[in-house]
Every structure is written in structure tokens, then in C-alpha cells.
Engineer: 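Before anything else, here's the structure in question.
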Amino acid sequence: MTTTLKALQNWVDEVASQTLPDNIQWCDGSEVEYNFLIKQMNKSGDLEALNQSNYPNCYLHRSDPTDVARVEHLTFICTKEKEDAGPNNNWMAPMEAHNKIDQLFKGAMKGRTMYVIPYCMGPVDSPYARCGVEITDSAYVVVNMKLMTRMGAKALHRIEQEGNFVKGLHSTGDLDPEKRFIMHFPDELSIKSIGSGYGGNALLGKKCHALRIASWQARKEGWLAEHMLIVGIENPQGETHYVACAFPSACGKTNLAMLIPPKSQPGWKIWTLGDDIAWLHLDEEGQMRAINPEAGYFGVVPGTNEKTNKNAFDMIKSDTIYTNVGLTEQNDPWWEDKNIGEPIIDWQGDKFNSDLRSAAHPNSRFTVSAVNNPSYSELAEAPEGVPISAIVFGGRRKKLAPLVYEANNWKHGVLVGAGVASETTAAAIGEVGIVRRDPMAMKPFCGYNFADYWSHWLSFSEKSDKLPKIFHVNWFRQNEDGKFLWPGFGENLRVLRWIIDRCESRVSARSTSIGNIPNTKDIDTNDLDISKDVLEELLTVENKEWLQEVNSIGEYFETFGDRLPKELSNEFDKLKSALT
Ligand code: SAT
Ligand code: MN
């Protein structure tokens, strides 16, 4: 396979003469190619076959122990003007960034195969989909991209028809953390990443393209590229509402997207559209519609069990690539809270010793195609996407944020999203459990200045009078003893039901200074071991605590200077005066 598209062929030739690979392989995305690469990596030790009777077609990859998560401090947005990247991003001038990283790419693929991966983010026949080509020297990246995107011949065909594509150049380099960079060039629609083979650093279709570059494109073209799951909620009467939810990495997006309704909620069904990224467009009628640009899941493994996420637990029993989990004596994968079996080997391949390290890395992952998901929605392949009734923001907060509240209107909702904060998780290198501001769960992923991003969000209020309602949820509130107040997981359906009832104007709500809160009677607690007091506690708004929060949001907004949209400061002022 080669290409008729001159621009693509030229770029591939250029990269080859810079990186000097032994071979060049154009990926066609076929099963034969996938199986061949798996076999090859199994031989080279890049992958280890798991117990094939218990886990057919499942493999384990161990990444370098220094290369286990996204590296936000080494991720750069390289716009001409520093201000365009904003205080929310690391910035480097494009020329300087190219020079620095090109130096590292020189001869980087010597002795290796260079893979050319054409891929499409979104259904190949969707007008909302966008294409890219990733060049990489990692076979692990190729097989992950096969599971995570629509890759190969069909994507290449679309690229040749359209004539343009996002360019992603990746090499694992020598995995030296000192020579690791993930650079984005929004003006050139290109990405260069070196020195990491891990997830969001290396699978360039995901965070690099579908969020950082796409958010930039989306602003220019009038749509939104967001860090959101998309889920369909079908009621016992057979009506389905679609909701898009933005939570930071490792805060339960995959679990919510694949939720199984508890026995107390007969007749309800959940359909998964996506678990991580949503591209949102207004259609001709002003209805917001969403597609999931991805075709698979790169989910957090620890904590997945029959109770927390049975769909995922079953889904990853076959055709799955595991990264950085432990092993049992039977060579089954093992992770914390799997609740079955015992580990004997840890994620670094050493004999398991609980004093040394956990068996699975806290950010260990599964990669699996979405079609393996028992709750996969038929409409996930629909080129026109699904209509969105509600947008939900959330984070991991021990205190303060109530279980759920509703914004007064779109503009207030933008403030609610911009004010999101969450405790950090193992999905990125750095300290875990620190509360940081994470607007719209996009802190690590917005490819431009947040102030401009909020202006873009605000601009939708003029474009349609049928916009989704905006909500905020917090599944993670704790009592004084550090116990979670809300059971979470499947029981979160009860909160989604209230959200849908609000969208359909079926229930009233209590107006507070931060927005509309459910009346306790409207959250179904049937069959739930939760007292009225606890529910009330979950739905309390303490103005004094909120005032502190608002002051911290205000300080954060100040870092954006004059660029902060006036309409957002207005919403902020309104909130502050409601609290005082
Ligand atoms: O490493 S990824 O960016 O792919 C996963 C995540 O952090 O959400
Ligand atoms: Mn994510």
C-alpha cells in the first residue's frame, strides 16, 4: 500500500529520510495485519500472551517503569503567540519546538520499522469525522490504534478524497524521560511526540488529535471537541435520552458510560456511545448532536470488578491488550479489587511483594474495541451522531459539591464548567489527590487559551434556543470519617433519571445560590441503604464554603487577565453576590 496523495507521500518520504527506519510499512487496518503484529510482538517480548483458555486473544504489555502515564509537564502547545496557548498550557515557539524535537528524531528509527497509520476519528461516513495519519516506530501503538480508531484502507481513501489530514509523528526514541516531548502545532495541524510509548503520549489519535488539535479546529469551525463520555439512557417506555458528561481522567467516565441499572430500576437500559471524547455539533435545527471520535476504550483496570462495572469486566475477558497489570499463577491478568485470584507477578514483571509495589500499576489500562462492549449503542456508528439532552460536568470532591445541581441557563452552565475542580489521579505523572482547577475536565487537553475556549462555549447561546441543559455532579462526597456518602456506580442512574426529568420539565427543583437542587423526594432511594439525613447532606449547599470556592475560582480567572470573557465575569459576579 502507498498513496495517491502527494502531500502524504512527500511527508512520509521526508520523515523516513529524517528518522532512517529499516523498513516502511503502510498499515491497512486488517485482521491479518493485527494478528501478524501481535505474533511478532509476542516473539520479541513486547507482548506476553495471557492464559488463552481463560482470556482468549488477550495480551500483556509492560511499559518502561518511567513511562506509565501522561506527562503534562512535557506537553507543549506551539502557537505563534504565547497568549494563544494561554496560562493553561506549556508553550514553546513553533520554530524552537521543531528544532528541539527534530534533533531527537534524527536517525531515531534506525533498526526499526516505520509504520504509517491512516485513521479516521469518527464513523468514516460522518461529516463530523476528521482524519489523521500517525507515523510511529512502535508496533504496540499500531495495534492499539487498530482497537481505538477506524484505521487503515477506508480512512486512507477518505484522506485521499479530502486532501487534508492531521499529521502525527511519533517515536519511542530511547524512552529517556529527559528526551521526552509531546508537541502540538495547531496552525500546522500537526503533532510530534518522542520518548514515550504510553497511552495519551503515543496514541496520537486520542488526546493529541481528538482533543488538543480538534479543540482548536472546533473553535475555528464552530463546534466543540470535549473530554466527555456519551451515554444513552432508555426508560421503561422505550424512550432514550442522550447525555454527555465531562469528568477528569480516572474519575469513572468508563463506568458511567457502561452502567448496569440496579435491580431496583426495572426496565431501564443504558447504551454506550463513548467513554472519553465527544465531538459536539449543532445541526440545522439547532439541536446539539454528538459523535464519539474513537472506536475503542483505553480504560483504567484497577477497581474493575463484577460489582463496579460488570460490562467492562466481561468485555475485557477476550480480545484485549492489557498494559501494566499483574499476573496470577494461571497467567491470568490481576489487578487491585479484581476480587478473583491472587497476584504472583507485579506489573514490572517482578515477584509480587506488597511492600515493594502494587500488583497492577494504579494507571494500568485495558485497550479493547468498542464492539466488544455488551452495551454498545447501535447509534455509535450513525454518521449524524445522537441528539444531546444534557451536558454534565463533574469532578472528584470530598467536600463542597453536592450530588447534583442544575445550571440556571447555558451561560451560567459555562461558569459551572469553568469552575470545575478535581483531585488529581494516577492518569498523569505527579502527586495524586491534590485539588486542582480542571475546567470542563479539559485542563490537560485544551489546545488553546481557556479564556478563548470559554468565549467559544458562551457563543453557542446565540446560535440556538434548543441547547442542552447543563448540570454538575459529584459522586465522591465523603463524611467526616472518609466514607463515601453516595454508593455510586450503577446507582448513579438515579441521578441521571433526575437530570432527564429536569430536561423534560417533569419535576420541580429547589433554587439555591449555585443553581437548582433536587427536592429529596425526587431522587429515587428505593432499595438503597441511605438515610434521609445523608441524602439531605448530599444535597446541601453551604454558602460560606461556597464563597471560599468562588474566591478561589476568582483568583484562577484572574490569571487569564483581560482575555477572560466579560460574560463569564458577569456570571461570576452574579454567583458571588448570590452567595453574599
Ligand atoms: O493516557 S490517556 O490520555 O490516554 C488516558 C487519560 O488520561 O485519560
Ligand atoms: Mn480521558
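Order of listing sets the numbers, starting from 1, for every ligand and every atom in it. Just so you know, residue 1 is the first one in the sequence shown, and it goes up from there.
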Engineer: Asp46 and His61: side-chain donor and acceptor closer than 3.5 Å?
Structural biologist: no
Engineer: So do Trp457 and Leu224 actually touch side chain to side chain, heavy atoms under 4.5 Å?
Structural biologist: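 Leu224 vs Trp457: side chains touch.
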Engineer: I'd like to verify the contacts: list protein N, O or S atoms under a distance of 2.8 Å from the Mn ion (ligand 2).
Structural biologist: Lys207 NZ, His227 NE2, Asp276 OD1
Engineer: Verify the ring-centre separation between Tyr448 and Trp91: is it less than 6.0 angstrom?
Structural biologist: no
Engineer: Would you say the ring centers of Trp454 and Phe557 fall short of 6.0 Å from each other?
Structural biologist: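 Yes, the ring centres sit under 6.0 Å apart.
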Engineer: Considering only non-hydrogen protein atoms, determine which one is nearest to atom 7 (O) of ligand 1 and report residue, atom name and distance to 0.1 Å.
Structural biologist: Arg70 NE, 2.8 Å
Engineer: What atoms of ligand 1 come closer than 4.0 angstrom to any heavy atom of Ser249?
Structural biologist: 6 (C), 7 (O), 8 (O)
Engineer: Tell me which protein heavy atom sits closest to atom 2 (S) of ligand 1, plus the residue, atom name and distance to 0.1 Å.
Structural biologist: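 Of the protein heavy atoms, Gly200 N, 3.5 Å lies nearest.
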Engineer: Which atoms from ligand 1 have a heavy atom of Ala427 less than 4.0 Å away?
Structural biologist: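 It comes down to these atoms of ligand 1: 7 (O).
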Engineer: Using the ring-ring contact (aromatic ring centres under 6.0 Å, His included) criterion, which residues pair with Tyr405? Sequence neighbours excluded.
Structural biologist: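 So Tyr405 forms a ring-ring contact (aromatic ring centres under 6.0 Å, His included) with His472.
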Engineer: If the cut-off is 4.0 Å to any non-hydrogen atom of Lys206, which atoms of ligand 1 fall inside it?
Structural biologist: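 It comes down to these atoms of ligand 1: 4 (O).
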Engineer: Counting non-hydrogen protein atoms only, what is the nearest one to atom 8 (O) of ligand 1? Give residue, atom name and distance.
Structural biologist: Lys207 NZ, 2.5 Å
Engineer: Please output the side-chain donor-acceptor pairs of residues 413-420 that fall under 3.5 Å, not counting sequence neighbours, one pair per line with the distance.
Structural biologist:
none

Engineer: Can the ring centroids of Tyr119 and His209 be said to lie less than 6.0 angstrom from one another?
Structural biologist: yes
Engineer: Any N or O on Tyr198 sitting closer than 3.5 Å to an N or O of ligand 1?
Structural biologist: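 It does not: no N or O of Tyr198 is found under 3.5 Å from an N or O of ligand 1.
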Engineer: How would you list, by chain and number, every residue that makes a side-chain hydrogen bond (donor to acceptor under 3.5 Å, both in side chains) with Asn35, sequence neighbours excluded?
Structural biologist: none
Engineer: Would you name the heavy atoms of Phe484 and Trp475 that are closest together and state the gap between them?
Structural biologist: CD2-O, 4.4 Å
Engineer: Considering only heavy atoms of Arg365, which atoms of ligand 1 have at least one such atom less than 4.0 Å away?
Structural biologist: 5 (C), 6 (C), 7 (O)
Engineer: Taking side chain to side chain donor-acceptor pair (under 3.5 Å) as the criterion, tell me which of His184, His170, His98 meets it with Lys192.
Structural biologist: His98
Engineer: Can you sort out which atoms of ligand 1 are near Phe298, meaning under 4.0 Å from one of its heavy atoms?
Structural biologist: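 Checking each atom against Phe298, I get 1 (O), 4 (O).
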